[in-house]
Student: 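Please find one structure pasted underneath; my questions will follow.
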Amino acid sequence: MTTLRLITLGYFVSLLIAASLNYLPIPGIIDDQGYAFGIFALDVFDDLLHVASALWALAAALISHRASRIFLTYFGALYFADGLLGLATGSGFLDAGILIYGFYEYPSFLIKLAANIPHLFLGGFALAADYFGRK
């Protein structure tokens, strides 16, 4: 199993964890207003998007090194772009938030940054892994 396939398996696990946040009985994850870590809300559509992405990652990792590279490229680009749009507008496109909610004002830039860090990190790391995995 190549390093990129192992990284892609890591994305499978990470995305399943993201999809399960609303359902884990661990204090402090979801607050009284339904916000994960007090920062952002995850709904069923978000959970389905995370599960679909996780299944895509699993399939890619099991199929081949090339399939893992393709996953990391496209997933990375989509999630990173979603995080950038979230920083610019407060809403992303993967969950159609920009179409449903339009521009969303967070109480501060730090909270907006915290809400978008997961997609920026996951997307950026995937793109970096793909790039450096080609050398």
Side-chain angles (χ1 to χ4, degrees):
M1 174 128 337
T2 67
T3 301
L4 288 186
R5 291 175 83 179
L6 290 172
I7 290 170
T8 305
L9 277 176
Y11 273 87
F12 166 69
V13 172
S14 298
L15 290 161
L16 282 183
I17 290 169
S20 68
L21 286 177
N22 280 331
Y23 315 102
L24 294 175
I26 301 171
I29 291 184
I30 303 297
D31 66 14
D32 295 338
Q33 288 80 33
Y35 288 95
F37 309 109
I39 300 170
F40 50 85
L42 294 169
D43 58 22
V44 172
F45 187 74
D46 293 317
D47 296 338
L48 291 173
L49 179 64
H50 289 130
V51 168
S53 297
L55 293 174
W56 179 23
L58 177 63
L62 294 176
I63 291 170
S64 69
H65 176 85
R66 183 174 182 273
S68 291
R69 273 192 28 229
I70 291 169
F71 167 80
L72 292 168
T73 299
Y74 289 105
F75 173 89
L78 289 169
Y79 270 62
F80 192 76
D82 190 65
L84 289 177
L85 183 65
L87 275 181
T89 69
S91 297
F93 65 85
L94 288 175
D95 64 353
I98 192 67
L99 299 174
I100 297 168
Y101 308 112
F103 283 63
Y104 181 79
E105 285 298 321
Y106 283 87
S108 73
F109 179 75
L110 286 177
I111 293 176
K112 183 191 280 189
L113 180 62
N116 289 286
I117 283 287
H119 280 210
L120 291 169
F121 175 77
L122 287 172
F125 187 83
L127 290 171
D130 173 49
Y131 176 77
F132 290 109
R134 292 174 187 255
K135 295 185 177 235

Student: Carefully, step by step, assess His50 and Leu21 under the rule side chain to side chain contact (heavy atoms under 4.5 Å, CB included).
Tutor: CA-CA 11 Å; His50 289 130; Leu21 286 177; over 6 Å; no
Student: Please determine whether the number of non-hydrogen atoms from other residues, nucleotides or ligands lying under 6.0 Å from atom OH of Tyr74 exceeds 12.
Tutor: no
Student: Pick out which of Asp46, Asp43, Leu48, Ile100 makes a side chain to side chain contact (heavy atoms under 4.5 Å, CB included) with Asp95.
Tutor: Asp46
Student: Would a distance-only check, ignoring hydrogens and angles, find a side-chain to backbone donor-acceptor pair under 3.5 Å from Arg5 to Ala61?
Tutor: yes
Student: Quick one: side chain to side chain donor-acceptor pair (under 3.5 Å) pairs with a partner in residues 108-121, sequence neighbours left out?
Tutor: Asp82-His119
Student: Are side-chain heavy atoms of Phe75 and Thr8 found at a separation under 4.5 Å?
Tutor: no
Student: For Phe45, give me all partners under ring-ring contact (aromatic ring centres under 6.0 Å, His included), at least two apart in sequence or on another chain.
Tutor: none
Student: For atom OH of Tyr101, decide whether the heavy atoms of other residues, nucleotides or ligands shown that lie under 6.0 angstrom number more than 12.
Tutor: no
Student: Treat each ILVMFWY residue as a node, draw an edge where side-chain heavy atoms are under 4.5 Å apart, and state whether Leu127 and Leu120 are in one component.
Tutor: yes
Student: Checking side chain to side chain contact (heavy atoms under 4.5 Å, CB included) for the pair Tyr104/Ile98: CA distance, chi angles, key distance, verdict?
Tutor: CA-CA 8 Å; Tyr104 181 79; Ile98 192 67; over 6 Å; no
Student: Ignoring hydrogens, what is the shortest heavy-atom contact between Leu24 and Ile29? Give both atom names and the distance.
Tutor: CD1-CD1, 4.2 Å
Student: Considering all heavy atoms of both residues, which atom of Tyr106 and which atom of Gly90 are nearest to each other, and what is their separation?
Tutor: CE1-O, 3.5 Å
Student: Are Val13 and Tyr11 connected, step by step, through hydrophobic side chains (Ile, Leu, Val, Met, Phe, Trp, Tyr) whose heavy atoms are closer than 4.5 Å?
Tutor: no
Student: Phe93 and Leu99: same hydrophobic cluster, using ILVMFWY side-chain contacts below 4.5 Å?
Tutor: yes
Student: Between Ala36 and Leu42, what is the shortest heavy-atom contact and its length?
Tutor: CB-CD1, 4.4 Å
Student: With the 4.5 Å side-chain cut-off for hydrophobic clustering, are Leu15 and Leu6 part of the same group?
Tutor: no
Student: Tell me the closest heavy-atom pair linking Pro118 and Ala114, and the distance in Å.
Tutor: CD-O, 3.4 Å
Student: Heavy atoms only: give me the nearest Ala129-Leu72 pair and the separation to one decimal.
Tutor: CB-CD1, 4.3 Å
Student: Where do Thr73 and Asp130 come nearest, in terms of heavy atoms and distance?
Tutor: OG1-OD2, 2.6 Å
Student: May I ask you to decide if the ring planes of Phe125 and Phe121 are parallel, tilted or perpendicular, using 30° and 60° as cut-offs?
Tutor: parallel
Student: Strictly distance-based, threshold 3.5 Å: is any side-chain N or O of Thr89 a donor or acceptor partner for the main-chain N or O of Gly86?
Tutor: no
Student: Run the side-chain donor-acceptor check on residues 51-60: report pairs under 3.5 Å with partners two or more places apart or on a different chain.
Tutor:
from: Ser53; atom 1: OG; to: Leu49; atom 2: O; distance (Å): 3.0
from: Ser53; atom 1: OG; to: Tyr79; atom 2: OH; distance (Å): 3.1

Student: Treating Ile, Leu, Val, Met, Phe, Trp and Tyr as nodes and any side-chain heavy-atom pair under 4.5 angstrom as an edge, say whether Phe80 and Leu85 lie in one connected cluster.
Tutor: no
Student: Looking at Tyr35, I want to see if its OH is surrounded by more than 12 non-hydrogen atoms of other residues, nucleotides or ligands under 6.0 Å.
Tutor: no
